[in-house]
Amino acid sequence: MMLVSPTQTQYFISYQESPECIPELNDCLRSAFFIDTSLAELSHWIDPRHRGLAGPSNVEELVIVTQGWEDADLFPRRGGKESRSRSTATAGSKEPLYLSMPSLRKLRVAGYLPDICTLFGLLSAPNLEYMEVTAHYDGDEPTAVNEACLELVETFQEHCGSVREAWVNVTASEPEPQDLGVKGVFYSLEADVLNRDGRAPRVKNRAPAAIQITAEQILREAQERQEPTFRAPKQRVEDFEELSEYQGRKRKEFEERIRRTRGNIKEWLHYDFFRLVKMLSIVLDPYSNVPWMLTLEAFNYGSTTTEMELKSRNVQHARNLFDRAVTLLPRVDQLWYKYVYLEELLQNVPGARQVFERWMQWEPDDKAWQAYIKMEQRYNELDRASAIYERWVAVRPEPRVWVKWAKYEEERMNLEKAREVFQTALEFFGDDEEQVEKAQAVFGAFAKMETRQKEYERARVIYKFALERIPRSKSAGLYASYTKFEKQHGTRSTLENTVLGKRRIQYEEELAHDGRNYDVWFDYARLEEGAWRDLKDEGATAEEMDSAASRVREVYERAVAQVPPGGEKRHWRRYVFLWLDYALFEEIETKDYDRVRQIYQTALKLVPHKQFTFAKLWLMFAKFEVRRLDLPAARKILGAAIGMCPKEALFKGYIDLEVELREFDRVRQLYEKYLEFDPSNSAAWIKYAELEAQLQDFPRTRAIFKLGVSQSPLSMPELIWKAYIDFEIDEGERENARELYEKLVQQSGHVKVWISYALFEGEAIPIPRAEREEEEEDEDEEAEVKMAPGDPVIARQVFERGYKDLKTRGLKSERVALLETWKSFEETHGTPEDVAKVQGMMPIVSKRRHVDQETGQTVEDWDLVFADDEREANPTSFKFLQMAHAWKAKSAAGTIGKGGASSMLSGFVAASSSSKKVEDDKQMDGDDDDEEDEDGDGDKESDAASSRADDDDDD
């Protein structure tokens, strides 16, 4: 049987033959574990009447694995419920014995089912709440097992009524000890219902109890019912004979236990504790008697033994124990620490140093070396400490060890030695990339030491030396330290260089993630170009300038090497500008023109011109050659571009170049090629004609315009027609302009064309150019150009023709726009009667209903109603309404005033004065059909016409 108490006191108690132990230990127990235990052995520990020992009054958790209790003499097994009753008598003349455990909360049992029933019949645990049972039974049939299980349940329901949760697992075979944690079927004892599916019990009555009990009453009652703690009786020794007898008896018991279990360290520990407490001066050498095992238990035993020896002031014996311990367990640092502490406590510094030397031979961890150094520092042995550092870096040549050694030398104010240490460390790591990267801490500490000593140039050199050899992507921390150093102790230029370094690292990281991120390449190139310009402004040396220029070229070369994938132009747009910026930098900054020409040629070879091209690239290459005064080369470049991949931008650029050079014959040839390439481009025809007009070749200009307007597919033909008409007007050729307007209204018939045509006839234009030139010879050049007046009559005729044309085509909103312009024209050039005539032609807004063909519902729409349309559609009703309105206006003339009566038919009254004129026009046109136009064109025109009709009514 073995009892284990895993409490904070860490006591380990083992029972083999006799159950005696130290009585005080039972008060410390909270959990107990019994493995292969008989009921008789269990009773020796639980029952307080055996050998006067204190019972386990504070045990809260109990685990028992039985080994068979049927043959126990103390508790004979009986059949039926009598064996489980609390009045069960023991064998012979022994009194009934109960297992009383008032503090027990959790019980876990494994073993034979009848034995477990016997245990429950004898157990007194009023506060038991949780129980797990793993039992085996030798029944052949399943019914026998079930009956045994139910018997077990009835047993702990009868004697352990406080249990709230129980798990029972009954098997037909004997369980193993490790099966003790396996839960079985869940039984709810609170509701007295057996739930085998593991669900929570169902509460039948949820009503509150008649008598309510508070928590305070429950605690008070529990305190009152708590059984008094049993204390073992004290044995008093009256004389030395009794003491000698007691010591001999106990010593014999311990020696017998050790003889049986020689390898059990706990037995030796109990024996030593007894010797120190009870026998005082008897001391054993555990390392000479115990079969030594290199385990943690052995280490704990040795430490405890040495502490006992020190408490007994057996210093030499303790020293021997430590010596033996560190010999057998040299990798246990705690033994060395205690050994050194003992020697130093005894002021035996040479002895402590000797212990450290023995320890250092095993090459321990850094804490051991640091402890050795601190001991030497405490006794002011600084040279010895420095020698220890040297031995330490020989064993572990790591950067942090070198840094600690250098800081130690700096604290001693031995700066030369500290610098020597750093230099030795850098020589040790060498120039290999991995080793240099590993030595970043050494570089940083070296520079910081020089900074503390105000050796700023030394520190700057160290930082630069390290940053030149460590990859930029792996030296972010060192760059941060360098930046901080420059902010505190550097100049403006050095600080800017540091910031440039950090930004370079940032750009490199972004490009490592995405090499085709051209925005980052642009920023990176601008950064390097800015650094180059700063050096130039500061007057740097030629070597520094070449170095900066090479960095710029390196960035551009790396950037243009990232060719876009695929053959889509959208992927190349940003990429091409890298070539252009590269060429501009070489041309403007470095003046390396051969390299510029090579850059342009390489870029043009790279672009797939059969799929797409970039006119800007060709034009900038040509302009570069012009700036280099190589005009044939520039023309050759642009000619090749037009022949290989003609494009509008290329023609425009080439033409502008030749115009600036005043090569007008070449310009004419280019325009001819341009128009052959795209004859539908109105802008090209206009520009070509404007060029000839500027050269005062007016017949050629007129011919170009005629050829342009004759092209059938034209993009925005109104532009070239307007330019042609404006040209004829500027030349003072009214007849030519009139012919053009006539052709235009026949082709388009747009309302804007009619309006422009009418206004053209009514306005003045310059006199013909031939007359102007004759007059300019006689007069001064600053005299104003004479104008030929317009003809309002012809303008009115154009307005009337336009109105009829729009009316014929049923364009109501266009008719309103034409009438508005006509009215404005008459207000300027006509009489009030002409204005009234146009005003009478203005429409009114009328609400009309019609059936929607899609939905079949009646819809109300606002429509424009013109007087002439209504007169032609309903002549009889129109005449009647006209006469009625005239009578009403005449009768109300005295009260309404000068403006006349307001009516919805005011437009028709205004139109009556010119009815005869309308009829004459009708006879002249003769082809007008009677048709009713019910189409409405826009809400804005309708509202405008409605407002005008209301104004006319008010007038």
Side-chain angles (χ1 to χ4, degrees), residues 680 682 685-686 689 702-766 788-826 828-830 834 837-838 841-843 864 866 868-869 917-918 920-929 931 933 935 937-938 941:
S680 63
S682 299
W685 290 101
I686 294 172
R702 190 172 287 107
I704 292 172
F705 273 124
K706 287 182 180 180
L707 187 60
V709 297
S710 64
Q711 301 295 323
S712 57
L714 274 176
S715 60
M716 303 179 68
E718 63 276 7
L719 296 179
I720 189 171
W721 278 100
K722 185 178 184 303
Y724 192 6
I725 293 171
D726 292 342
F727 167 74
E728 294 294 351
I729 291 173
D730 292 338
E731 292 299 315
E733 301 292 337
R734 187 180 290 273
E735 291 298 330
N736 294 340
R738 186 178 292 115
E739 291 178 3
L740 292 176
Y741 271 119
E742 290 294 339
K743 293 180 181 180
L744 186 56
V745 296
Q746 289 178 5
Q747 291 185 7
S748 72
H750 197 271
V751 62
K752 292 184 178 180
V753 177
W754 284 108
I755 293 173
S756 178
Y757 187 12
L759 295 177
F760 157 73
E761 293 292 352
E763 294 177 354
I765 64 172
D791 191 351
V793 177
I794 300 177
R796 291 190 187 94
Q797 293 176 0
V798 174
F799 274 121
E800 291 176 357
R801 287 175 57 194
Y803 180 79
K804 291 177 181 180
D805 180 65
L806 297 176
K807 175 184 176 182
T808 303
R809 291 187 290 169
L811 304 176
K812 293 186 177 182
S813 59
E814 285 79 358
R815 290 164 68 185
V816 173
L818 181 67
L819 290 174
E820 289 286 344
T821 308
W822 192 0
K823 181 181 177 182
S824 301
F825 175 79
E826 293 295 351
T828 305
H829 300 87
D834 296 330
K837 174 187 173 182
V838 178
M841 299 172 66
M842 289 292 183
L864 295 175
F866 291 86
D868 49 357
D869 294 343
K917 181 65 175 177
V918 172
D920 295 338
D921 294 338
K922 183 176 181 181
Q923 292 177 0
M924 292 175 62
D925 296 330
D927 296 330
D928 296 337
D929 298 330
E931 55 185 4
D933 189 0
D935 299 332
D937 297 327
E941 292 82 355

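Positions are given from 1 along the sequence. What you see below is based on every heavy atom in this structure, not just the backbone, and it leaves out hydrogens, waters and symmetry mates.
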Quick one: closest heavy-atom pair of [X] and [Y], and the distance?
{"X": "Ala817", "Y": "Ile755", "result": "O-CD1, 4.2 Å"}
{"X": "Pro843", "Y": "Leu819", "result": "CD-CD1, 4.4 Å"}
{"X": "His829", "Y": "Arg796", "result": "O-NH2, 3.7 Å"}
{"X": "Ile729", "Y": "Ala737", "result": "CG1-CB, 4.2 Å"}
{"X": "Glu728", "Y": "Leu740", "result": "CG-CD1, 3.7 Å"}
{"X": "Asp834", "Y": "Glu826", "result": "CB-OE1, 3.2 Å"}

Point-to-point distance, once rounded to the nearest 0.5 Å, from [atom1] of [X] to [atom2] of [Y]:
{"X": "Trp754", "Y": "Thr821", "atom1": "CH2", "atom2": "OG1", "result": "14.0 Å"}
{"X": "Tyr803", "Y": "Thr808", "atom1": "OH", "atom2": "OG1", "result": "10.5 Å"}
{"X": "Trp822", "Y": "Arg815", "atom1": "CH2", "atom2": "CZ", "result": "11.5 Å"}
{"X": "Arg702", "Y": "Glu731", "atom1": "CZ", "atom2": "CD", "result": "6.5 Å"}
{"X": "Leu719", "Y": "Leu714", "atom1": "CG", "atom2": "CG", "result": "10.0 Å"}
{"X": "Ile725", "Y": "Asn736", "atom1": "CD1", "atom2": "CG", "result": "11.5 Å"}

### Task
Given side-chain contact (heavy atoms from CB on, under 4.5 Å), test Lys752 with Glu718 step by step and report yes or no.
CA-CA 11 Å; Lys752 292 184 178 180; Glu718 63 276 7; over 6 Å; no
### Message
Do the side chains of Arg801 and Asp805 get close enough for a salt bridge, i.e. N-O under 4.0 angstrom?
### Response
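Here Arg801 does not pair with Asp805 in a salt bridge, since their nearest N and O are not under 4.0 Å apart.
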### Query
Does the distance from a Lys or Arg side-chain N to an Asp or Glu carboxylate O, for Arg738 and Glu735, drop under 4.0 Å?
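Glu735 and Arg738: salt-bridged.
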### Task
Name the orientation class of the two ring planes belonging to Phe705 and Phe727 (parallel below 30°, tilted from 30 to 60°, perpendicular beyond 60°).
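The rings of Phe705 and Phe727 sit tilted, inter-plane angle from 30° to 60°.
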Taking [X] for its side chain and [Y] for its backbone only, find out whether a donor-acceptor pair lies under 3.5 Å.
{"X": "Ser710", "Y": "Leu707", "result": "yes"}
{"X": "Ser680", "Y": "Ser715", "result": "no"}
{"X": "Ser682", "Y": "Met716", "result": "yes"}

### Task
Begin from the C-alpha positions of Gln711 and Trp685 and carry the test side-chain contact (heavy atoms from CB on, under 4.5 Å) through to its verdict.
CA-CA 10 Å; Gln711 301 295 323; Trp685 290 101; 3.9 Å; yes
### Task
Kindly confirm or rule out a cation-pi arrangement of Arg734 over Phe760, judged by NZ or CZ under 6.0 Å from the six-membered ring centre and within 45° of its axis?
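Pair Arg734/Phe760 counts as cation-pi.
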